[in-house]
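Contents: one structure, followed by commentary.
Convention: sequence-line order gives letters A, B, ...; per-chain numbering from 1. No experiment lies behind these values; they were computed from the predicted model shown.
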Amino acid sequence: MKTPIELISQRITDAIQKVTGQNIPAIVTAATDPRFGDYQSNSALSLAKQLKTNPRQLAEKIIANLQIEDVCQTPEIAGAGFINLRLKPEFIKNYLTEIKNDTENFGIEKSETSKTVVVDFSGPNIAKQMHVGHLRSTIIGDCICRMLSQAGWNVIPQNHIGDWGTQFGMLIAYFKLEWPYVDEDYSQVEINDLEQFYKSAKQRFDNDENFVAVAHQQVRRLHQSDPITMEQWKNIVDESRKHYQPIYETLGINLTVKDERGESFYRDKLADVVNDLKKVELAVESEGAICVFPEGFKTKEGNPMPFIIQKTDGAFLYATTDLAALRFRINELKANEIIYVTDARQKQHFEMLFKVAEMAGWVKDTKLVHVTFGSVLGEDGKPLKTRSGENIKLKELLDEAVKRAKQVVEQKNPELADSEKDSIARAVGIGAVKYADYSNNRTSDYIFSFDKMLAMDGNTAPYMQYAYARVKSIGRKGQEKGIDTAKELKGLKEIFINEPAEFELAKQLIRYSEAFSTAIADFKPNFLTAYLYDLAGKFSAFYNACPVLDAEPKTRASRLLLCNLTAQIIRHGLENLLGIKIIDRM
RNA sequence: GCGCCCGUAGCUCAGCUGGAUAGAGCAACGGAUUUCUAAUCCGUAGGUCACAGGUUCGAAUCCUGUCGGGCGUACCA
């Protein structure tokens, strides 16, 4: 179903066609001020410039040819040639009815069926704990997948885990020498141990020549797929997964082992990448390394900048792996679009990657997109670290958020059962971290603050969850009073709304699909949170102004519908699109 | 040096395919509760949109330059 903006836009486009004879898509936006109505079109202004005519007169001609009486009241022209539009109550009511019946999508169209998109995100390193640096890629990537699925795409998430490289040879060698028992039973090893072993191994590698030799031998065995070594490697990966998979579950991230295609997956495709690029004479030797020089990139000396795909010592790099993965996704996964979700610092790398792939003729019709994001900063405005300068572990960060949320629950609702307090604290704490991230502009850095994200006022998860809980509370209260809300909704024949607060809420409800459209257009979750926050605000205003359960029966059923749709859309937005839990009571 | 990103209220941030009087939240101040969760709502105050030019009927938004901050820039990912 079309969004109100699309609907109005189409009508005005038709009118413009009649006036000018040209098919020029109309510009329609939400009104910048309630006094101007609900929507406005500035098409006459920009069009008048092109046609060298008077914008006001053009606006009048457009209106004269505009068929929109089923949607809006008589359009008005204001200022230099703005066309102001006010929705008819009948239209709002009809649209509400349609959304009510569209119980899966609430007006959002599934427009992109039969197209496949690969989304590359999260990408934790094996044998290391996830830290704050993984937060944004993981949750933004997940949100992008959710939005694309909602839009009808066939979504293939790809978790490009860091599971291959010389460090694994080193780690295995270290186990052999220092902790042989590990080989017998990896289940005793936790991620903390792996991380510690990794550090110790690295230290020994830097100081002990004999160890270097053993480590290199293990690396060779890995590369030769020696069964025993591979088994040891696999154990390390499996144990690491036991660390990050629960974090995904905590965060509500839809990533599982089936989405993993890490660096190891591409290991036997790397030589082909280099050879194929050599064959077409894109890859050449330079200062001992094999490089491609994509057009338009310069080093600080002003020379062409290399995209290095094989080091002097013969080893491949992540550039090589990325090329192999890109080719796999196009040729094997049949991607129409590939989206990479990484921090903005890798921008140049992906620009070069895409350029090289294009120059090699691998890309064909596939759209390549790098979705970037800013850094998570501490209260001091510097990248978030521990006092000793280490990365903050993601698990510890999330635990802390839940702990703080629990304190709030204890304070606000001490009478609840412990188990309920815990589940509320999890939903609020984790939700707060995610929501705070989503509500900031993706491309900006943002300052991480538990106090701000857990605040009950403002654009936060707790505020949203509270709004939802209040709607649910009306249902419970109604039940106590013998009001069957489900039955009332079913029996609702005609929507009856009158109060300004009801209309404000209703108009917000029918705009959900518009918010979705703007959010997915640039993969900007903050458009979704902004919409939901507005919705919750309008609901709260309605809640204060309009009694539901004590209203006249006719009014009551319609208000219950507004409540129900508010709850449904908050739930859909929070849970389905953002992966944030809602709670019935808090 | 070159490239990319950023600079909006005291603080944290929206808004940027040009559009009407630049918006929220926090903090400050003033109100609202016999009523469905006050983890709420309403109001007041707060701005040279870093600065200077330019394009335009119109610029926070586009262009150029300056200042300030961040990031990247040959074998890490």
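- Residue contacts for A:Ser46: at a heavy-atom cut-off of 4.0 Å it reaches a base atom on one of the strands shown.
- No hydrogens or angles were tested; on distance alone, a donor-acceptor pair under 3.5 Å links the side chain of A:Arg35 to the base of B:U21.
- Scanning atom types as modelled, no donor and acceptor separated by under 3.5 angstrom connect the side chain of A:Tyr466 and the base of B:A39.
- The pair A:Glu195-A:Lys393 meets the salt-bridge criterion, with a side-chain N (NZ, NE, NH1 or NH2) lying under 4.0 Å from an Asp/Glu carboxylate O.
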- Query: Just the dot-bracket of RNA chain B, please: which string comes out with Watson-Crick or G-U pairs under 3.5 Å, [ ] for crossing, | for another strand?
  - Reply: (((((((..((((.....[...)))).(((((.......))))).....(((((..]....))))))))))))....

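- Salt bridge status for A:Asp120 with A:Arg329: present, with a side-chain N to carboxylate O gap under 4.0 Å.
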- Yes or no on ring-ring contact (aromatic ring centres under 6.0 Å, His included) for A:His134 and A:Phe121, after CA distance, side-chain angles and deciding distance? CA-CA 9 Å; A:His134 297 109; A:Phe121 67 105; over 10 Å; no

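- Side-chain atoms of A:Gln40 come within donor-acceptor range of the base of B:A20, with a qualifying N/O pair under 3.5 Å.
- Comparing atom distances between the A:Lys347 side chain and each of B:A20, B:U37, B:C4 picks out B:C4 as nearest.
- No engagement by A:Ala530 is indicated, since no non-hydrogen atom pair under 4.0 Å with the nucleic acid exists.
- At a cut-off of 3.5 angstrom, the base of B:G70 holds no donor-acceptor pair with the side chain of A:Lys382.
- On a pure distance criterion of 3.5 Å, a polar donor-acceptor pair joins the side chain of A:Thr312 and the base of B:C75.
- The phosphate of B:G15 has OP1 or OP2 within less than 4.0 Å of a side-chain N or O from A:Asn441.
- Contacts of A:Lys49 with the nucleic acid, taken as non-hydrogen atoms under 4.0 Å apart, include base atoms.
- Within 4.0 Å (heavy atoms only), A:Met586 reaches at least one base atom of the nucleic acid.
- Counting distance only, with no hydrogens placed and no angle test, the side-chain atoms of A:Asp457 and the base atoms of B:A38 include no donor-acceptor pair under 3.5 Å.
- The base of B:A74 sits within donor-acceptor range of the side chain of A:Ser286, with an N or O pair under 3.5 Å.
- Within the nucleic acid shown, A:Phe297 has no heavy atom closer than 4.0 Å to any nucleic acid atom.
- The aromatic ring of A:Tyr463 does not stack onto the base of B:A39, failing the criterion of a centre distance under 5.5 Å from the six-membered base ring together with planes under 30° apart.
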- A:Gln346 and A:Tyr318: CA distance, side-chain angles, deciding distance, side-chain hydrogen bond (donor to acceptor under 3.5 Å, both in side chains) verdict: CA-CA 12 Å; A:Gln346 297 187 50; A:Tyr318 84 132; 4.7 Å; no

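- Using the six-membered ring where Trp is involved, A:Phe354 and A:Tyr340 have ring planes that are tilted, between 30° and 60° apart.
- When the nucleotides B:C36, B:A74, B:G72 are ranked by their closest atom to the side chain of A:Leu549, B:C36 comes out on top.
- Here A:Tyr533 does not lie in a stacked arrangement on the base of B:A24, lacking the combination of planes under 30° and ring centres under 5.5 Å apart.
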